[in-house]
Novice: 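Before I ask anything, here is the structure I am working with.
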Amino acid sequence: MAKAHKISGVKPLGSYRENARIILPEKVEEVYTWEPFVRDAARREELHNMRISIKRLRYTMELFRVVYEFPEECSKDAVAADDKRFAEFFAIIVDLQEILGDIHDCDVVLQVLTDYTCQSASDAVVLGSLSATGKAGIDRLIDQTRETRKADYKKFLEKWDQLSAVDFKRKLLSFFLT
């Protein structure tokens, strides 16, 4: 698993807002370090690391959400607009994390099933343990899981392309720096 990027400039005695402006953009940048790998479905580890980076961004957003809520004396329209934008950004981050999580779940299932069939095949020589019906069932499950992963990966790419088309990264960074 990829390690979180080190963040410099955080001031423990500084304001919550100041630290949010330092930390959140760094978390966004960490997510985008994995962007070169999104077009290669075989880059399982990198896609998983992107999911972990998105998860870190999500939890950091939850931690600093209060920074983007405004006091009562502010215009109700301004509060509602910023609250809505934060909620929209947050929902996108959650969606990306979930899609990448689904892809990773398929990768894990495929690895377990493949390992099992390889182990069972070698054991079968000695013990005769995996029946033809069992093997056919596992092969079918592997095929279904591959198809599910393929569909999830396609969904992720479509979402990523949509976000890229609207310059999501710039919008997110701009929001966090206000």
Side-chain angles (χ1 to χ4, degrees), residues 1-108 147-178:
M1 174 172 41
K3 292 185 178 187
H5 290 190
K6 296 225 180 235
I7 299 174
S8 59
V10 175
K11 299 173 185 158
L13 298 177
S15 77
Y16 208 55
R17 186 181 249 336
E18 270 179 48
N19 285 322
R21 285 183 183 148
I22 294 167
I23 296 170
L24 284 167
E26 287 294 325
K27 293 296 179 188
V28 172
E29 293 296 343
E30 180 183 328
V31 168
Y32 279 85
T33 62
W34 302 106
E35 186 175 31
F37 307 104
V38 300
R39 301 243 170 257
D40 186 350
R43 300 301 290 259
R44 295 175 359 165
E45 187 174 337
E46 290 83 357
L47 291 171
H48 176 62
N49 286 335
M50 181 181 233
R51 181 185 74 86
I52 298 300
S53 293
I54 289 171
K55 186 170 157 178
R56 290 182 184 129
L57 173 59
R58 174 188 179 174
Y59 295 151
T60 305
M61 286 176 73
E62 288 176 347
L63 179 70
F64 286 115
R65 180 178 192 124
V66 69
V67 169
Y68 300 95
E69 295 172 348
F70 295 90
E72 289 297 318
E73 60 270 8
C74 287
S75 157
K76 295 252 189 242
D77 292 337
V79 172
D82 281 339
D83 236 10
K84 182 179 178 190
R85 284 184 67 208
F86 186 93
E88 288 169 356
F89 289 140
F90 187 77
I92 290 167
I93 296 302
V94 168
D95 193 34
L96 287 172
Q97 181 190 347
E98 289 175 354
I99 296 168
L100 286 169
D102 291 342
I103 292 169
H104 181 67
D105 290 349
C106 287
D107 289 338
V108 170
E147 287 303 312
T148 300
R149 188 200 191 275
K150 186 177 177 181
D152 289 340
Y153 179 71
K154 181 180 178 195
K155 181 179 174 182
F156 169 71
L157 277 184
E158 288 170 356
K159 181 83 171 179
W160 191 260
D161 288 343
Q162 290 169 357
L163 294 172
S164 296
V166 298
D167 205 5
F168 178 72
K169 178 184 177 185
R170 183 192 56 76
K171 290 177 181 178
L172 190 58
L173 288 170
S174 175
F175 182 76
F176 288 151
L177 292 168
T178 58

Novice: With rounding to the nearest 0.5 angstrom, report the CD1 to NZ distance, I99 to K155.
Specialist: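 Between I99 CD1 and K155 NZ, I get 5.0 Å after rounding to 0.5 Å.
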Novice: Compare all side-chain heavy atoms of L163 with those of L96 and state whether any distance is below 4.5 angstrom.
Specialist: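 The answer is yes, as the side chains (C-beta and beyond) meet within the 4.5 Å cut-off.
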Novice: For a side chain to side chain contact (heavy atoms under 4.5 Å, CB included) check, start with the C-alpha distance between M50 and F37, then their side-chain angles and the critical distance, and finish with the verdict.
Specialist: CA-CA 9 Å; M50 181 181 233; F37 307 104; over 6 Å; no
Novice: With a 6.0 Å cut-off on ring centres, are W34 and F156 close enough?
Specialist: no
Novice: Rounded to the nearest 0.5 Å, how far does SG of C106 lie from CD of E147?
Specialist: 10.5 Å
Novice: Taking only Lys NZ, Arg NE, NH1 and NH2, and the carboxylate oxygens of Asp or Glu, determine whether E29 and K169 approach each other closer than 4.0 Å.
Specialist: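 Yes, charged N to carboxylate O under 4.0 Å.
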Novice: Check salt bridge (charged side-chain N to carboxylate O under 4.0 Å, His left out) between R149 and all other residues, then give those that pass, not counting sequence neighbours.
Specialist: D107
Novice: Measuring only between side-chain heavy atoms, which start at C-beta, is F176 closer than 4.5 Å to K171?
Specialist: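 F176 vs K171: side chains apart.
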Novice: Go through it in stages, so that I can follow the logic: the residues are K27 and E30, the test is side chain to side chain contact (heavy atoms under 4.5 Å, CB included), and I'd like the CA-CA distance, side-chain angles, deciding distance and then a yes or no.
Specialist: CA-CA 5 Å; K27 293 296 179 188; E30 180 183 328; 3.8 Å; yes
Novice: When rounded to the nearest 0.5 angstrom, what is the spacing between CG in L57 and CD1 in I93?
Specialist: 4.5 Å
Novice: Are the side chains of Y16 and L63 in touch, meaning some heavy atoms are under 4.5 Å apart?
Specialist: yes
Novice: Mind checking whether H5 and S53 have side chains closer than 4.5 Å, heavy atoms only?
Specialist: no
Novice: Using side chain to side chain contact (heavy atoms under 4.5 Å, CB included), reason through L47 and D40 one step at a time and then give a plain yes or no.
Specialist: CA-CA 9 Å; L47 291 171; D40 186 350; over 6 Å; no
Novice: Rounded to the nearest 0.5 Å, what separates atom CD1 in I54 from atom CD1 in I92?
Specialist: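 If I round to the nearest 0.5 Å, the distance is 11.5 Å.
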Novice: Quick check against the 3.5 Å criterion: does R58 have a side-chain atom that pairs as donor or acceptor with the backbone of F90?
Specialist: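 Pair absent, no side-chain N/O of R58 close to backbone of F90.
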Novice: Which distance, rounded to the nearest 0.5 Å, do you find between the CG of N49 and the CG of L100?
Specialist: 11.0 Å
Novice: Do you know which two heavy atoms are closest between G9 and I22, and how far apart they sit?
Specialist: O-CD1, 3.0 Å
Novice: Could you grab the distance from atom CD of E26 to atom NZ of K6, nearest 0.5 Å is fine?
Specialist: 13.0 Å
Novice: Specify the closest pair of heavy atoms between A20 and V67, including all atoms of both residues, with the distance to one decimal.
Specialist: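 What the structure gives for the nearest pair is CB-CG2, 4.0 Å.
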Novice: Return yes when atom CD of E88 has more than 12 non-hydrogen atoms of other residues, nucleotides or ligands closer than 6.0 Å, and no otherwise.
Specialist: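 More than 12 heavy atoms, drawn from other residues, nucleotides or ligands, come within 6.0 Å of this atom.
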Novice: Does K154 reach the side chain of K150, with side-chain heavy atoms less than 4.5 Å apart?
Specialist: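 They are not in side-chain contact.
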Novice: Flag the pair F89 / F168 as yes when their ring centroid distance falls below 6.0 Å, and as no otherwise.
Specialist: yes
Novice: Can you name the nearest heavy-atom pair linking R39 to Y153, along with the distance?
Specialist: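 Result for this residue pair: C-OH, 3.0 Å.
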Novice: Begin with the C-alpha distance, continue with both residues' side-chain angles, and end with the deciding distance and a verdict on side chain to side chain contact (heavy atoms under 4.5 Å, CB included) for L24 and L172.
Specialist: CA-CA 9 Å; L24 284 167; L172 190 58; over 6 Å; no
Novice: Show the nearest heavy-atom pair for residues R56 and K3, with the distance to one decimal.
Specialist: NH1-C, 3.7 Å
Novice: Do the side chains of D95 and K159 get nearer than 4.5 Å, heavy atoms only?
Specialist: yes
